[in-house]
2 protein chains.
Amino acid sequence: MDNINKPIQSVTIKSTQDLGSFVRTFRVAQKMTQADISGLANTGNRFIVELENGKPTVQLQKVLDVLDTLGLEMVIQRKGRY
Amino acid sequence: MDNINKPIQSVTIKSTQDLGSFVRTFRVAQKMTQADISGLANTGNRFIVELENGKPTVQLQKVLDVLDTLGLEMVIQRKGRY
DNA sequence: TCACTTAATTACCGTTAGGTAATATTTTCA
DNA sequence: TGAAAATATTACCTAACGGTAATTAAGTGA
């Protein structure tokens, strides 16, 4: 599939790596720095680094804060929808 | 809106409370106990209790494990989609 | 190439997540 | 209503989250 120039609709998160990679890609696409996010989301730079690198133990509320800062939201659904 | 007997398609998670409430409701609908989940997801019962009660600091990977056990998946998307 | 920006690492450290196991409380239903 | 099942709480404990601040490394653009 050709995803070039195709706006992202949604990404299924199967692992913390998936989330980290997506957050990084999306952040960069928004031309934001890690410092921008950590400032807006009231976290340390360290948290952003760890999140983007897929740390499994990041805390949920902080993740939600970062997603909100990026204009993203989390959805739960049954497996296999598309 | 009448949601009775309407299969859940997706739930937007704006807070850890949202997630906890949804997990509980879904688990009960599946006729599973907390012990069932904690067994299958390799966590303690304590984690399930805390997750369902909306603890903000639950760790992401464990949440993903529980969702997987329930046949659910996490999706990230831009805000405001429906 | 070199200066500047951004990202990553490290040390320090108080707080706490969450496992287990025991106990208590609440819910369920025959 | 009473016993069993399910959920919640507690104590004990180790590992480690994540903030700050300083430092280092990596990336970028003129």
Rounded to whole Å, the CZ-C1' distance (B:Phe47 to C:dG19) equals 12 Å
- Spell out, as yes or no, whether a donor-acceptor pair under 3.5 Å connects the side chain of B:Asp68 to the backbone of B:Asp65. no
Closest to the side chain of B:Thr43, out of C:dA7, D:dA8, C:dG19, is C:dG19
Next on the checklist: Check this for me: B:Lys79, atom NZ, are more than 12 non-hydrogen atoms of other residues, nucleotides or ligands nearer than 6.0 Å?
Outcome noted: yes
CE (A:Met74) and OG (B:Ser15) are apart, to the nearest 0.5 Å, by 11.0 Å
Rounded to whole Å, the CD-C1' distance (B:Gln61 to C:dA17) equals 15 Å
Winner on side-chain proximity to B:Arg46, out of D:dT7, D:dT20, C:dT20, is C:dT20
In whole angstroms, the gap separating P of D:dA16 from CD of A:Glu50 amounts to 12 Å
- Would you say B:Gln59 reaches D:dC17's phosphate, i.e. side-chain N/O to OP1/OP2 under 4.0 Å? no
A:Asn53 atom CG is separated from D:dG18 atom P, nearest whole Å, by 13 Å
Item to complete: Answer yes or no: is there a donor N or O on one side and an acceptor on the other, between the side chain of A:Gln77 and the main chain of B:Leu72, under 3.5 Å?
Response: no
Checklist entry - Should A:Thr57 be listed as having a side-chain N or O under 4.0 Å from OP1 or OP2 of D:dA16? => result no
Paired with B:Leu51, the side-chain contact (heavy atoms from CB on, under 4.5 Å) test is passed by just one of B:Ile37, B:Thr16, B:Val66, namely B:Val66
With the side chain defined as heavy atoms from C-beta on, B:Lys62 is closest, among D:dT9, C:dT6, C:dG18, to C:dG18
Ranking C:dA7, D:dA6, C:dG18 by distance to the side chain of B:Thr33, first place goes to D:dA6
Rounded to whole Å, CD of B:Gln34 lies from P of D:dT9 at a distance of 10 Å
From CG of A:Asp65 across to P of D:dG19 the rounded distance in Å is 10 Å
Testing C:dA8, D:dT9, C:dC12 for proximity to the side chain of A:Glu52, the answer is C:dA8
Separation of C:dA8 atom C1' from A:Arg27 atom CZ, nearest Å, is 12 Å
When rounded to whole Å, the CG to P distance for the pair B:Leu60 and C:dA17 reads 15 Å
Regarding the side chain of B:Asn45, the nearest nucleotide among C:dA17, D:dG19, C:dT20 is C:dT20
Of the listed D:dG18, D:dA8, C:dT9, the closest approach to the A:Val49 side chain comes from C:dT9
